[in-house]
Amino acid sequence: MKIAIRNGRVAQGDRLVKADVLVEDGLIRAVGHAGPADRDLDASGCYVLPGFMDFHTHVDDHIGRFYLADNYETATREAMLNGITTLCTFVTQAEGQTLRQAMAAARAKALDTCHGDVLWHLTPTTFEPGDLRFLEALLEAGYRTLKFYTTYRPAGLYVSYQSLGDLFQRLSPLGATFMVHCEDDDIIAHVEPGALDLSKAVSHTRLRSEEAEVEAIRRVTELALAKGASLHVVHVSTLEGARAIVAAKAEGDVSMETCPQYLYLDETFLQRPDGHHWLCSPPLRGHREAFRALAREGAFDMVATDHCAFRPEDKDSWNGQDLRQVPNGMPGLGALPHVTWKIWEDDPDRSALGLATHLALNPALRAGVADRKGAILPGLDADIVVLDPHGPERPVRSTGVPTFEPFPGFTTKLHFRSVLLRGVPRVQDGRLLEPDRPMGVPLQPDPETLPFT
Ligand SMILES: [Zn+2]
């Protein structure tokens, strides 16, 4: 079936072009004048943008002793309703498990339940020779993104700078991109918790200081530049850290993301009586104006959510005395395009192009899927968002499952007139079509089908 998306303004590189988009057999066939089609979708008054990608989400997994509130079905549902046609999430190798087993478990949860496509970033936690050979085989088969942490020793996730350097050296020739959570564990370990009032959520900002993030960013970017590694720093929250990465970009393949919460929420949320709801790592910080100004200049390659939704009873399960018992993380998936839009909201065309770049093209490039996703070009998957910027004003909603809303009082006028996944309309006028027929697929090959030695 041929579908023509007519009369919209289509994101083409750094421009918006008045054009039709012709879609057939799941792919974009032409951008220009569409000619006759089996079905027309009206995009007049709308932006026509590539389907969005949230590069950083946590779903359907254990985080410490808690299990996340969103599974693959609910997360991809909320994503699709907000134009996010590809969800990137993590496979983390747990204790007593191989990475291969962890990947099989994630795939089993995702299969036949996802409304949008899924891409996994991998967090291996053991590095025996066999583990490294498996990683190399995955990279050769097209896997690209590996995630590491310079902190979280008790959770078994910590990787030293030395080990990170060794991994950069060994896996970079195979095309790996290293996503790194940068907080210096030694600086965090040297904070004396007894000197802080741990009943106050705002003390989190002292447990995990700006200095800890900046130091880890400095160390990890230096290592990446020295080893010629592709580095993506996740959830940057500090102005100084962001500026260090901007400087490093001139010297190597370095990119970064920030999150809606670091742009628009500050530590005053931690001072509220229910401030523990906003606990995440790195923490919310002080003044955000200069940080937002940096975002306006385009310093961040992408905005991603670090969506990590806990059930209310889990987030509230602490004793009120020690904030370290509170699970860290907040939802954000459904808020992503709406809050990112605000960065340039006095200039809607720039906001639309900002979404195309920060939520589609750059994440697709970093994930290694730009030959299929991330732009409106003939031959690519027809993942397309028809976005009306003048819809009825409504509250931003971060997720559809019971949790708390981290963006209270935030509203949006963005209205998703149509969202297509590989050429099939999945959302029409803000409603999910055929919710019982999810058609998302994993973008990466099943390791069980790969020829391993
Ligand atoms: Zn995360």
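Counting starts at 1 for both ligands and their atoms, following the listed order. When reading the values below, keep in mind they use all heavy atoms of this one structure, side chains included, and skip hydrogens, waters and symmetry mates.
Around the Zn ion (ligand 1), the protein N, O or S atoms found under 2.8 Å comprise His56 NE2, His58 NE2, Asp306 OD1.
Within the structure, the ring-ring contact (aromatic ring centres under 6.0 Å, His included) test picks out the following pairs touching residues 178-201 (sequence neighbours left out): Tyr149-His181, Tyr152-His181, Phe168-Phe178, His181-His235. Listed by first and then second residue, the ring-ring contact (aromatic ring centres under 6.0 Å, His included) pairs involving residues 61-108 are His56-Phe90, His58-Phe90, His62-Tyr67, Phe90-His121 (not counting sequence neighbours). A salt bridge (charged side-chain N to carboxylate O under 4.0 Å, His left out) check over residues 187-199, counting only residues at least two apart or in different chains, returns the pairs Asp197-Lys200.
Between Phe55 and His232, the two ring planes are perpendicular [angle over 60°; tilted spans 30° to 60°].
When the shell of 6.0 Å around CD of Glu393 is examined, it contains more than 12 heavy atoms from other residues, nucleotides or ligands.
Using a cutoff of 4.0 Å between basic side-chain nitrogens and carboxylate oxygens, Arg218 and Asp184 are not scored as salt-bridged.
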